[in-house]
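Some notes on the structure that comes next.
Values in this document were obtained by computation on a predicted structure and should not be read as measured data. Per chain, numbering begins at 1; letters A, B, ... match sequence-line order.
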Protein chains: 2
Amino acid sequence: MGRPREFERDAVLDRALELFWQRGFDGTSMADLVEHLGIGRQSLYDTFGDKRAMYLEALDRYHATRASLPWEVLDQHPLRPGLRTLMTSMVDWLLESTHGRSCMLVAAAAERCPADAEVGARFCANTANIERHLRQRLERARAEGDLGRHHDPEALARFLTSTMYGLQLSAKGGLDRAALLQIVDVALSALG
Amino acid sequence: MGRPREFERDAVLDRALELFWQRGFDGTSMADLVEHLGIGRQSLYDTFGDKRAMYLEALDRYHATRASLPWEVLDQHPLRPGLRTLMTSMVDWLLESTHGRSCMLVAAAAERCPADAEVGARFCANTANIERHLRQRLERARAEGDLGRHHDPEALARFLTSTMYGLQLSAKGGLDRAALLQIVDVALSALG
DNA sequence: GCTATTTTGGAATGATCGGTCAAAAATAAA
DNA sequence: TTTATTTTTGACCGATCATTCCAAAATAGC
């Protein structure tokens with residue numbers, strides 16, 4: 001019943017995500033959104049609530065549809081080659097995607113933390129997720145003898161996660177692909 | 001000649017720095033500045049130009065007066081203990097300073113890059129500076145036999161810089177002191 | 001004291017901010 | 001066709017934004 005809406009919610013959210021990712025929360029105005037989303041201002045408010053709610057939804061959609069690293073290569077390859085492939089694909093993603101912007105959740109945390117706890121929570125959840133994937137693979141490697149008994153999978157997982165974050169800022173700092181891959185090499189040498 | 005100004009430029013700039021550091025560029029309004037700086041609006045514009053110019057000056061002052069790590073401990077101690085002390089002091093600085101904000105230049109780069117090239121240039125300059133300190137110490141260690149000949153001081157310096165950046169985001173992610181120091185330990189183990 | 005020069009404080013600028021209102025338009029159920 | 005319900009559209013809101021204007025205030029040289 002009632003007039004049918006003339007847009008797809010997810011398609012609009014994807015466009016909003018793109019804007020927020022490019023320009024950040026403060027850098028994106030409702031006028032910008034109305035202009036690029038192709039729907040009216042009121043429809044926007046009716047559908048998403050307000051600007052912050054839409055931003056949080058965009059973060060969730062980012063997490064659900066774009067933040068995925070190729071974890072399967074971790075499981076399908078020996079520990080170190082798998083990690084190198086994973087980190088290399090991340091470096092390439094950082095360099096292509098696009099004109100030097102990094103993971104949206106990292107950018108969001110940098111811009112809105114600790115002011116906005118909801119943003120912080122999403123950033124932490126993503127961090128914990130990455131750590132979990134890495135830790136599980138490291139535990140398996142340790143059980144299978146690919147990783148020395150003296151290593152702590154949890155500490156290593158945190159270290160590798162931190163390394164990924166470091167790569168993002170280093171890429172922003174202008175390091176080229178070769179330099180970033182050197183960082184990956186040194187980091188992986190910590191696995192012994 | 002003329003009426004003397006009733007404030008010290010650097011003292012005002014320090015207070016502006018503090019506000020920009022806490023709230024970011026977009027998060028700080030000229031009204032906020034007028035309120036907290038203790039000088040009139042017009043004096044502010046006469047002295048610093050406009051908001052962005054004042055922000056860039058605040059970044060420069062941050063770089064000059066606050067961004068300094070205790071590099072002397074690097075020179076005065078053996079390589080690994082010196083690096084551990086340096087990184088530990090950085091972790092403690094991150095945890096105290098204050099309520100989860102990180103290096104102002106990192107925050108500035110995250111908020112304003114790549115939109116503002118001047119901000120990016122200052123971030124890169126700071127990065128290069130950190131790298132230089134580390135590389136020089138690593139070169140000395142290599143010359144003195146404290147570091148294996150197979151290591152590349154430049155690559156290691158970049159890795160350690162990246163690690164420091166990673167620590168900042170990890171701290172934002174809520175990791176406690178013990179976890180951050182574990183990351184430092186793993187990172188330093190890459191020096192062999 | 002007088003004049004030139006500079007700083008100061010407060011009012012005002014137009015633009016833009018996020019958010020709302022109300023009427024028109026489009027559908028489904030009756 | 002009428003009625004109820006929903007979406008759309010565009011005008012509109014007060015607040016806030018960075019910035020400027022201007023006259024009063026305070027000094028130095030004369």
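- Put simply, the side chain of Glu131(A) reaches to within 4.5 Å of the side chain of Leu175(B), judged on heavy atoms.
- Salt bridge status for Asp152(B) with Arg135(B): absent, with no side-chain N to carboxylate O gap under 4.0 Å.
- Applying the ring-ring contact (aromatic ring centres under 6.0 Å, His included) rule to Tyr55(B) yields the partners Phe20(B), Phe25(B); only residues at least two apart in sequence or on another chain are considered.
- As rounded to whole Å, 12 Å separates atom P of dT7(C) from atom CZ of Arg9(B).
- The main-chain N or O of Leu59(A) is never found under 3.5 Å from a side-chain atom of His63(A) such that the two would form a donor-acceptor pair.
- Residues Glu18(B) and Arg101(B) are paired through a salt bridge, judged by an N-O separation under 4.0 Å between the basic side chain and the carboxylate.
- Put simply, chain B comes within 4.0 Å of DNA chain D, heavy atom to any atom, from dC17(D) to dA28(D), going 5' to 3'.
- Nearest-nucleotide positions on DNA chain D for Pro4(B) and Phe25(B) put Phe25(B) closer to the 5' end.
- Comparing Thr28(B) and Arg3(B) by the nucleotide of DNA chain D whose heavy atom lies nearest to each, the residue mapping closer to the 5' end is Thr28(B).
- For Arg52(A) and dG19(C), the CZ to P distance is 11 Å, given to the nearest whole Å.
- Salt bridge present: Arg9(B) and Glu57(B) bring a charged side-chain N and a carboxylate O closer than 4.0 Å.
- Listed by chain and residue number, Met30(A), Val34(A), Tyr45(A) satisfy the side chain to side chain contact (heavy atoms under 4.5 Å, CB included) test with Arg41(A) (two or more places apart in sequence, or in another chain).
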Contacts under 3.5 Å, N or O only, protein and nucleotides 28-30 of chain C:
none

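- Look at Asp116(A) and Arg52(A) and you find a salt bridge, because one of the NZ, NE, NH1 or NH2 atoms lies within 4.0 Å of a carboxylate O, short of that distance.
- A salt bridge links Arg3(A) with Glu6(A): the closest approach of a Lys/Arg side-chain nitrogen to an acidic carboxylate oxygen falls below 4.0 angstrom.
- Among residues two or more places apart in sequence or in another chain, the side chain to side chain contact (heavy atoms under 4.5 Å, CB included) test is passed with Glu35(B) by none.
- Within residues 38-48 of chain B, the residues approached by DNA chain C to less than 4.0 Å at the level of any non-hydrogen atom are Gly40(B), Arg41(B), Gln42(B), Ser43(B), Asp46(B), in residue-number order.
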